[in-house]
Every structure is written in C-alpha cells, then in structure tokens.
Amino acid sequence: TPPSTADLIAAAEALTAKGDGPAVRVGVQGFEDLAIALWFRLWPELRRKFAFRLSFSPHDIVETPQPSLVCTPTSLAARWTGHQIIGAPASTTISRAAAILSGAADAEPILDFARQIGARLDHFADLPLVERAYELGSCSSPSFGDCVAVLRLVERLSPDPEVGMAGKAKHINRLSSRLQSATVSEILLLRNLSTTGLPAARTLWTSLESWAASNTFAQADDPTFLSAIADAFSTATAVEPWRKSILAGLVSAARSPSPWFSTAFWRWAETRPSILMALADHLPLDRDLETRLSETVARIVTPDAGKAVMTIALTKRWLRLHGTAAGASLSPREAVHQQLSVDPDPSDFDGLRAALRRATPAQALAIALE
C-alpha cells in the first residue's frame, strides 16, 4: 500500500466535484506520489480512463478524453481560475465519494450496488451519483420521493436495459408497491421519469393506471388532479407511458359503477371545462356512464359548465346528458328549446324530461303549449 499524501483527500474532493475540466494540483513537487496514491485506490473501470499530466495552461488540454488530473507550476496558478483547484478542504467533513477515493471509507458496498444496477462507474463524476442512489436505495423506509429519486439515478447511471435487470427491477417494485397510497402531488413526480433503461418499468406504469382507476377523486385534490389531466395531454410535459397510464386509468374509473368519477366530472366542468372537454374525447361511448353522469348532477350548474357538458354530450350522442346539462344551467324554457334543436326523435323523451328537471308544473304546461 503506497503511503497517503497530504493532499489525497483534497484531490478526491476535487475529482468528484461538479465542474468541467480536470482537477488541478498547483505545484509539481510530490505530484507523482499523489497520482500513485490515487491509482492504488481506484477500481479497474476507473483506472482505465484515469490519466494525469503536467500542464501549463487550460489551452494545453487537447486530449480526448481529457486527463482527470493535472499539475501546474505554482507561478502559473492564476491561469486556472475557475477550475477545480486542489486545496485545503472547505470543511473537516468530507463527502462519502471522496472518502471512498481516498481510502478512508470502504468502497465495496458502493461497488456492489453499482454492479447490481449495471452501472460501470468509470467516471469520477458518477461516484457521487451512485453514492446517493446507494444511500437512498438502502433506506429501510424511504419516502415516495426517495424511491423516484433512486430510479432517476439508476436510469442515469445505467441506461442500458440489458444490464442490471434484477437490481433495477427491485427498485421499480419498491416504488410500485407505494403507488396505491400515493398522493396526486407524488404521482406528478413521475411525469418526466425516463424508463428506457429500466426493462421492468411496465410494472410501474400498470400500477399507476390502477391508481388512477381506483381513485376516489377527493374534492380537495381537484386543482392538482386537473393539472395532472392537463399534463396527460402534453407531450412536452410528461413521458408517453405516464400519459397513457393516467388516461387509461381515468377511462377505467369512468366505467366503474362507483359514483366517484361522475361526481368529480361535474366539479371539473365547473372548475376547468376545457380540460374536461379534452378528457371526454377518451371516455367510452357507454350508456351506463351517461346514466351515472345524468343522475349525479347538482340542481344548478354554471352556464359555462353546462355549455361544456352539452358539447361533450353532442359528440357522444348522449341526449339525456345533454338535456340534464341544459336543464341545470338554463331556464326551463331555454333548456327545452336547446334540447329540441338537437333532439328531434319523438320516440325518446329522456332528454326532454331532463331539460324540464327544474320546471314547475305550470311552467311545463306553458312550455308545452308554446
């Protein structure tokens, strides 16, 4: 084992810190001892790309890939302003990544974790990322956000879906198991989760679809849920599997005999009618759904909400729902005129009866005579 050097920890901190270019050691004396001390503590993948040299200016660095470590004469230190300069540590506490590189901490748990997920760990900048993923992934009771953060790091560290499949599946399953109890805000964390390097990601998206299908659509969640629905139509905001899972889950919720979706439907018509109209394009042509929607309407709805639902009803040919929306948002006379303009079938009275839902007997008679 080569002896440690006075600047070994500082060099490890500089090598694992964020930034462009090599870590710069000011002063030539003892530089070979530092390089040897580092080399001994590196694992094979990292040694393969580890290079060091003497340099007089950043303009000297023309190699591709760049050297990880350079030394420069003390008189030329000013030329390296803005680079990662190896100096005294800013605090007495060193990062775990630097501790591993300097031999002050055991690297094996981190390396085992990296191998399980298929990470190569051949760049110094990857070490803090895998260390963070290991820390979050080893927690016995991680939060939903921590589970998402682990998958983001795993995707970044191991983008090849053919490697680390078992390790990746473990973290996908752990996140999937927390989905049923997730809040809408937590679900939004998955919007831009790329899973191209996670071959078992279908489990996650199936769980997300199930979450949307069984949701009770609490009124307190309306603003966040409507935001999620809007994101489900935006290719710039959310990844395709997330969008498909949310929409498929909502379609399943609409087919369910439970009243949760139907009740939320009218609230959403009041709050964000444009979002509801976009969602309606994906709703099934289901007469039972029309019946549930017609039966859960409030006595009075706003004109904008009524107009939106009437537009939806026309696209689906749901004449009963059209009459329900007209009767709840317009005066009885206006509602009947509106209904008769789109409902000419004399054998079907459901829509007309729905349009007269708020009419008194005297009003109904007057309208009939007219």
Side-chain angles (χ1 to χ4, degrees), residues 183-192 208-209 211-213 215-256 259-287 289-331 334-335 338-339 341-343 351 354-355 357:
T183 65
V184 185
S185 297
E186 288 173 332
I187 293 302
L188 292 176
L189 297 176
L190 301 173
R191 285 175 301 181
N192 58 353
L208 177 59
E209 181 179 334
W211 172 88
N215 203 280
T216 58
F217 307 107
Q219 186 170 357
D221 291 335
D222 281 353
T224 314
F225 215 116
L226 285 167
S227 176
I229 296 174
D231 291 339
F233 300 117
S234 173
T235 56
T237 305
V239 296
E240 183 179 12
W242 186 92
R243 291 186 285 110
K244 286 185 174 180
S245 297
I246 291 292
L247 291 175
L250 289 172
V251 170
S252 296
R255 292 183 186 276
S256 170
W260 306 119
F261 179 84
S262 302
T263 304
F265 177 93
W266 290 101
R267 295 200 310 267
W268 296 345
E270 297 278 0
T271 309
R272 297 280 296 276
S274 60
I275 297 299
L276 182 64
M277 292 174 69
L279 175 62
D281 291 339
H282 298 266
L283 296 180
L285 289 170
D286 188 329
R287 290 298 177 187
L289 173 57
E290 180 191 12
T291 299
R292 289 192 295 273
L293 294 175
S294 299
E295 292 175 348
T296 54
V297 64
R299 185 173 184 275
I300 300 176
V301 300
T302 63
D304 286 343
K307 182 178 180 181
V309 176
M310 284 188 281
T311 301
I312 292 170
L314 285 178
T315 62
K316 302 289 187 183
R317 295 303 298 166
W318 287 342
L319 297 179
R320 179 182 175 183
L321 181 61
H322 184 279
T324 300
S329 61
L330 303 172
S331 69
E334 292 175 315
Q338 184 69 37
Q339 185 68 19
S341 69
V342 299
D343 186 4
R357 62 194 304 271

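Quick caveat, the model's predicted, so the values are computed rather than measured.
By the 4.0 Å N-to-carboxylate-O rule, R243 lies too far from E240 to be salt-bridged with it.
Expressed to the nearest 0.5 Å, how far CG of L314 lies from NE2 of H322 amounts to 4.0 Å. For the atom pair CD1 (I229) and CG (L276), the distance works out to 8.0 Å, reported to the nearest 0.5 Å. From T237, atom OG1 reaches atom CG of L188 across 10.5 Å, with rounding to the nearest 0.5 Å. Annotation: the span from S227 atom OG to D222 atom CG amounts to 12.0 Å, rounded to 0.5 Å.
Among all heavy-atom pairs drawn from F261 and A253, the shortest one is CB-O, 3.7 Å. The minimum heavy-atom distance linking A212 with F217 is given by the pair O-CZ, 3.8 Å. Nearest approach of A328 to V297, heavy atoms of both residues: CB-CG2, 4.1 Å. When all heavy atoms of S262 and L293 are compared, the closest pair comes out as CA-CD2, 3.7 Å. Taking all atoms of both residues into account, the shortest heavy-atom contact from R272 to L226 is CG-CD1, 3.5 Å. Looking at every heavy atom in both residues, V239 comes nearest to L190 through CG2-O, 4.3 Å.
Using modelled atom types, one side-chain atom of Q339 and one backbone atom of L319 make a donor-acceptor pair closer than 3.5 Å. Here the side chain of R292 pairs a donor or acceptor atom with the backbone of S256 at under 3.5 angstrom. Side-chain N or O atoms of E270 include none that pairs as donor or acceptor with a backbone N or O of V301 at under 3.5 Å.
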Would you mind writing out the side-chain donor-acceptor pairs for residues 303-312 within the sub-3.5 Å range, not counting sequence neighbours?
unit_1 : atom_1 : unit_2 : atom_2 : d
T311   : OG1    : K307   : O      : 2.9

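For R287, the CZ atom is densely surrounded, since the number of other residues' heavy atoms within 6.0 Å is greater than 12.
Between W268 and I275, every side-chain heavy-atom pair lies at or beyond the 4.5 Å cut-off. Two residues are said to be in side-chain contact when any heavy atoms from C-beta on lie closer than 4.5 Å; E295 and R320 meet this criterion. For the pair W260/N215, no side-chain contact is recorded, criterion being any heavy-atom separation below 4.5 Å from C-beta on. Residues R267 and Q219 form a side-chain contact, since some pair of their non-hydrogen atoms from C-beta on lies under 4.5 Å apart.
For D281, there are no side chain to side chain donor-acceptor pair (under 3.5 Å) partners, not counting sequence neighbours. By the salt bridge (Lys or Arg N to Asp or Glu O under 4.0 Å) test, R191 pairs with D231, sequence neighbours left out. Judged as a side chain to side chain donor-acceptor pair (under 3.5 Å), and not counting sequence neighbours, Q338 has no contacts. For W211, the ring pair (Phe, Tyr, Trp, His ring centres under 6.0 Å) criterion is met by F225, not counting sequence neighbours.
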Can L247 and L279 be said to form a side chain to side chain contact (heavy atoms under 4.5 Å, CB included), step by step?
-> CA-CA 8 Å; L247 291 175; L279 175 62; 4.2 Å; yes
Could you go through the side chain to side chain contact (heavy atoms under 4.5 Å, CB included) check for L321 and K316 one step at a time?
-> CA-CA 10 Å; L321 181 61; K316 302 289 187 183; over 6 Å; no
Given side chain to side chain contact (heavy atoms under 4.5 Å, CB included), test T296 with F265 step by step and report yes or no.
-> CA-CA 9 Å; T296 54; F265 177 93; over 6 Å; no
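Pairs of residues two or more places apart, or lying in two chains, that qualify as ring-ring contact (aromatic ring centres under 6.0 Å, His included) and include a residue from residues 229-249 are F233-H282.
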